[in-house]
Visitor: 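Mind looking over this structure? Questions follow.
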Amino acid sequence: MTRAERSLYIWLGVAAILIAFPILAPVLPLQPTIGMDIPNRFAGPSAANWLGNDEYGRDVLSRIIWGARASLAVAFGSAFCAAVIGTILGLLGGYFRGITEILAVRSTEIVICLPPLLLAMLVITILGAGVLTLTVALTILFVPNYTRVVYAATLQTGGLDFVKAQEAMGTHPLKILARTVLPNIVPPLLVQFSLTVASGILLESGLSFLGLGVVPPAPSWGLMIRAARAAMDQQPLLLLWPSLSLAGTVLLLNVICDRLQDVLSPKTAARGGAAWLRRQIKRTPDAPAPDVPLLKIENLSVGVDLDHASLGLTKEIAFEIKPGETMALVGESGSGKTLTGLAMTGLLPNALSVTGGHAWFRSSGGAVDLAHLTEDEFGPLRGNEISMVFQDAAAALNPVHRIGDQLCEIIQRHRPMPKAEAEAEVVELLRKVGIPDPERRIRAYPFELSGGQRQRAMIAMAVANAPKLLIADEPTTALDPTIQAQILRLPPPRRAGGRGRACGCIPRSASPAPR
Amino acid sequence: MTLKMNRRGFLNTAMAAGTLTFLGTAGLRAQEGGTLRFGLSAYPPSFDMWASTGTAAGTVKLMIHRGLTSFDPEGALRGELAESWEVDDAGVWTFKLRDATFHDGKPVTAADVKYTIEQVAAEDSTAFRRAQMASITSIETPDDKTVILTTADPTAVVPEWFAHYHMPILQEGAEATSMVGAGPFVFDSLERGVSLRVTAFDGYYKDGEPKVDAIEVIVYSDENLRVAALEAGDVDIIEYVPWAAMERIEENDALTLDTVPGPFMYLTFNGTKAPFDNPLVRKAIGHAIKREDVVAAAFYGHGAPLAHLPLDESSPYYNEDLANGWEYDPEKAKALLAEAGYPDGFSCTMLSTAQYGMHQSTAEVAQAYLMMIGINVTLDLPDWSTRVQKGNEGQYDIAVMGTSADSNDPDGLTTVLDGSAKPSYVRSFGIETPEITEALNKGRVTFAEAERQAIYRGMEEAAIEQSPCVFLCSRAQGYAMASNVTGFSNLPGQLTFYSGISLEETALS
Amino acid sequence: MLRYVALRVLIALVLVWLVSTLVFLVLHLVPGDPAELLLSAGNSAPDPVAVAELRAQMGLDRPVLAQYASYIADLTHLDFGVSLRDQNPIAPELALRLPRTLELILAAAVIACLIGVPLGTLAAMRDGGWSEKFVSLLASAALSTPVFVVGTTMILVFAQWLGWISAGGYVPLAEDPLRHLSLLAMPAATIALPLTAVMIRMTRASVLEVLEKDHVRTARAKGLARGPIIRRHVVRNALVPVITVLGLEMGTLIGGTVLVEYVFNWPGLSGYLVRAVEARDYPEVVGIVLVISFLFVLLNLLIDITYAVLDPRVKLAK
């Protein structure tokens, strides 16, 4: 059981205990909910009435518990009915498309356009108030949400290979829907369900507050809040209890929804967020700096931090690079080439960390251990003395910024200069990596460039500040071999004196590794 | 029938009050001035001056317009545009007009009165007093200041007809929605649904009035907010004080609370179906409800139990021996049910509305007490509009209703008690009580007080026996104001919604 | 692009027409008669003759379909008709009230963004830490407290106890800007509260997702400091889904500020709608629904266009 699952089960347990009260209400030793005791109205909490009496002298505690039945029945009932109807509509619309789609999916948009309160008012005034009507009204309100979610999920799933395969095998469409598509849309459905239950509880209280909900003397939380608001002078506590119950329940449902999301889509479940954003403790290497030419990797290991133990991924790698050298790291896929590259720049993913060894680097400020630097200490080095060309340029470039701006950023970060000057430099860089018409291209967004052009832009970015060490992770995947060679021989940009540049290269396969 | 003019005590007082009023025109206004901010409970649904558009609209009408008569702060009839009136032996009423002017400077003449009556009585009229005005068979205007009215049957309450806020005198040729009146304030501006502003009319016929320069009417439909606005100093005076807040306002030194017992709550029945076609069952219900608890729960103690007809102790028509006609007695109630053939009770629905807290609370308490004598009641609480229609169409078994009578006279209870009139949600559905109808008709054309007392005593006895409807409690109807507001008075009893008339005397100190 | 927008507008118009037709017909099923109600004000028993006369004047004695036909005929000239109650033309009333509701919603949206986005970003950056737990708890609490409880409590505290601001009401901006803003504060804050919670949750989730993206690693590889990375490469990217949700929420708010307008006496569109329904003022109800649903559809279209502007990858034609 993962942490997320454990947390989910704990919260589900809390919910189950709380739900047990209203379910068991008939057998609990509660006072009657409708017996009036008007002389003792607004009495405060006492041994007999733990939460005091309401405006008719009725016991508040038993009304809260019985009221939960109404509130929860409406919320769960409508969420469930809407889930069933919405799922069917969404499945049919998403799978069959065409006229079915218009009838099933588009028609629900009419409901979305209507102000929800008006819809509820109309339904309730026509059918008469009560738990059943409320459930009907809320069901109508919730159906479009489910239809949308299921429709979108069905569209996605319907395009998947295994569904297509079943279609090809001539399986009956309804069977495909039930066996293949439905199980795949359960996660978004469950999340939607917990969301609607929460909003159902809130809506029930709002409608009861307006007198459109549960019919007295049966209790509901909304009714209790409505009555308490009028009697706020006489007994303010009356407002507190139902509000607390209401807020607490919705809160609980929200928490469960969050945990459910964590469990169902574990990718976002990496709790703890980005480690690099935290202030890091400065660690001093446990060994004195040896004499390093440029880079000296000593017994570097990278591992995964699990809850209890750590799992080694790469073990005790060691090599050395001298200025001007190009070195290729070759190995099977999954052997840790990329990890080693990332470890040297402190860019390891969240769960990974350097578990041992050193990566000595001769920076302009003296020798440093890259395996022990904090995020802040890396700042002046990255993109300046060490830079990296990433594997997947399409993902590595920020889609919402123009290419030129993304390149200017790295130049201006390390060499402050006016925007115009930086831009001129960028144009020059882009030309050198072989991007045609760079003056116009700097205005382009990454998605407007071809794969090869993105890769070149990525390389231009890496060499913009003439780093001493350039780590290239399959830099030329998208390029043809002649250009690969040409790019890797790029001279350092104009910079006084120039310096020797080394290149750690992680080629895609062993054969075209440039020498 | 005989008409003895000089023994009409209630009319004599009225005429005296009418003549006492100072005659001078265009007097100086008092020095106080200032703008009074009035927190109204609802925006007038329309400005049709003669239509029944509610009490909030009535308050606004009383700022701009005046009728022939009105009620003074003690509740006695007094003259407004009419300075005096008299009736002859044949029941013909003669009204003498005073020198009053409309806001546009034109004098109020007999022709304006004639026009008003004709418009209200017209074929396509939707006016509140339509039926009454239609019973006027001739309107003579011998001169500019005299109006002579003849009714189909001699009628004692003609001057009261003209005191109603839905019966103002408009200028000849004016639209029903005319904002040009002869009242103390001139219409200035409005923002529909939000607020309305009137300014003092310097040509008002009462000297030194109005005492404020202007009134800013601001609508607060939420009662809690209305009180909050008063407490926060956003307004100077509010109407329809919620009962829950009365105690707090009384304790607040900066505020004054002015309440009168008046409007009342009662139960109506659908007599077209069993078991409510049986007077015994209705009477049983009358005895089954502990009225103190209705007062406590629905009105936070600001009201009084009402186990007879809603006639105040001070009324000459009050019968002390009948005051506990429907006294709370569950045993008697059960016995009556058994006598009617329902020893084990029955099930029924009770119509009320969730839109107004007092209607809902009254229903909830009544329900609890009816359960105790074995009547299993299910509440039906739609919005007010639906409740009105259901009431008009008889789609209920028992219904909770609250209203005020048209006047403090027993005749003012006609709309509630007269089962022979067309069905309406304010009275029981399909219950005809000939004794009551007869008494009401007789009382209307009887001028002698002792005779009237006897007639209405009979009516009350019949009402308790037949129980066409069952009265539960009267409620305190309140205005609350900042302590620097003076001169405003809450008119007594059923007249509380006429209180807007005293805005002419209201001042800010 | 232009063709796409035109098509969407056309679909929107059809949708709005369907919605208003539905409302028009359903309204006549609802019990309650406008003429009877108007004359029953103040709990008086109206004269049935007067009621019948008023019904005829209101045109309610005709068959529903005939009423619908003439309503639609008027609507094609953009004539919304007049109120049944006082013959007040509906279009100007809508024009007067709509901006007030929009102002309320916009003010709430601004507050929600100003508070929600930074807090949500903070929660994401400190994911799993105490500050994240605290912010998330706050957000959940804000989301689960009914607006009428919040509104009532605010009035009690700020107007009745402390006496800082008026309990409620409305003054036009032109008349008294300061008072206008002070009256706007409480209702806007009340609406903003759950909206802020939504913003926090959305921003947190979105930022967490963006933080995992490769381009953030690139930004770090450039040597950028935390601040610029968060601002330029995380929040900017994370805002796209957040804005979408904000837009959708604002859309539902156009007809959904009923309770707040009621509690604070804010004379906007939602309160107008409720009062029209209460009085069974059919043309008013349909007119208001027409405007609300049209705005809702329009807003959704605008969101799609904004989406395209914020995220250049999204192409409109689909």
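Here is the naming used below: chain letters follow the sequence lines, and residue numbers restart at 1 for every chain. All heavy atoms count here, side chains included; hydrogens, waters and symmetry mates do not.
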Visitor: Check each atom of B:R129 against the heavy atoms of chain C and say whether the ones under 4.5 Å are side chain, backbone, both or neither.
Guide: neither
Visitor: For the interface with chain B, which of C:V30, C:L96, C:L156, C:V49 has the highest count of heavy-atom pairs at distances below 4.5 Å?
Guide: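 Winner by heavy-atom pair count: C:V49.
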Visitor: For residues 412-428 of chain B, which residue pairs pass the salt bridge (Lys or Arg N to Asp or Glu O under 4.0 Å) check, not counting sequence neighbours?
Guide: none
Visitor: Is B:D234 salt-bridged to C:R179, going by a charged N under 4.0 Å from an acidic O?
Guide: no
Visitor: Is B:E191 in contact with chain C via its backbone, its side chain, both, or neither, using a 4.5 Å heavy-atom distance?
Guide: side chain
Visitor: Would you call C:E278 and B:Q355 a side-chain contact if the rule is heavy atoms closer than 4.5 Å?
Guide: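 Yes, their side chains come closer than 4.5 Å.
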Visitor: If I measure from the heavy atoms of chain B, does C:I155 come under 4.5 Å with its side chain, its backbone, both, or neither?
Guide: side chain
Visitor: By a 4.5 Å heavy-atom criterion (distance strictly below it), what part of B:D406 contacts chain C: side chain, backbone, both, or neither?
Guide: neither
Visitor: Tell me, for B:E393 versus chain C, whether the close heavy atoms (under 4.5 Å) come from the side chain, the backbone, both or neither.
Guide: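 Contact with chain C involves no heavy atom of B:E393 at all.
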Visitor: Heavy-atom cut-off 4.5 Å, strictly under: side chain, backbone, both or neither for C:F158 against chain B?
Guide: neither
Visitor: I need the minimum non-hydrogen distance between C:L39 and B:T126, along with the two atoms involved.
Guide: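 Taking every non-hydrogen atom into account, CD2-O, 3.7 Å.
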Visitor: Starting from the C-alpha separation in whole Å, work towards a yes-or-no answer on salt bridge (Lys or Arg N to Asp or Glu O under 4.0 Å) for C:R280 and B:D383.
Guide: CA-CA 11 Å; C:R280 306 287 187 265; B:D383 73 331; 3.1 Å; yes
Visitor: With a 4.5 Å limit on heavy-atom distance, are the side chains of B:R192 and C:S83 in contact?
Guide: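 Yes. Closest side-chain heavy atoms under 4.5 Å.
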Visitor: Tell me, for B:S424 versus chain C, whether the close heavy atoms (under 4.5 Å) come from the side chain, the backbone, both or neither.
Guide: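 Looking at B:S424, just its side chain touches chain C.
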Visitor: Testing the basics here: between C:P31 and B:T386, what is the closest heavy-atom pair and its distance to 0.1 Å?
Guide: CG-CG2, 3.4 Å
Visitor: Under 4.5 Å from any heavy atom of chain C, what part of B:V416 do you find: side chain, backbone, both or neither?
Guide: neither
Visitor: Side chain from CB out, backbone as N, CA, C, O: work out which of these in B:Y220 comes under 4.5 Å of a heavy atom of chain C, or both, or neither.
Guide: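 Interface part for B:Y220: both.
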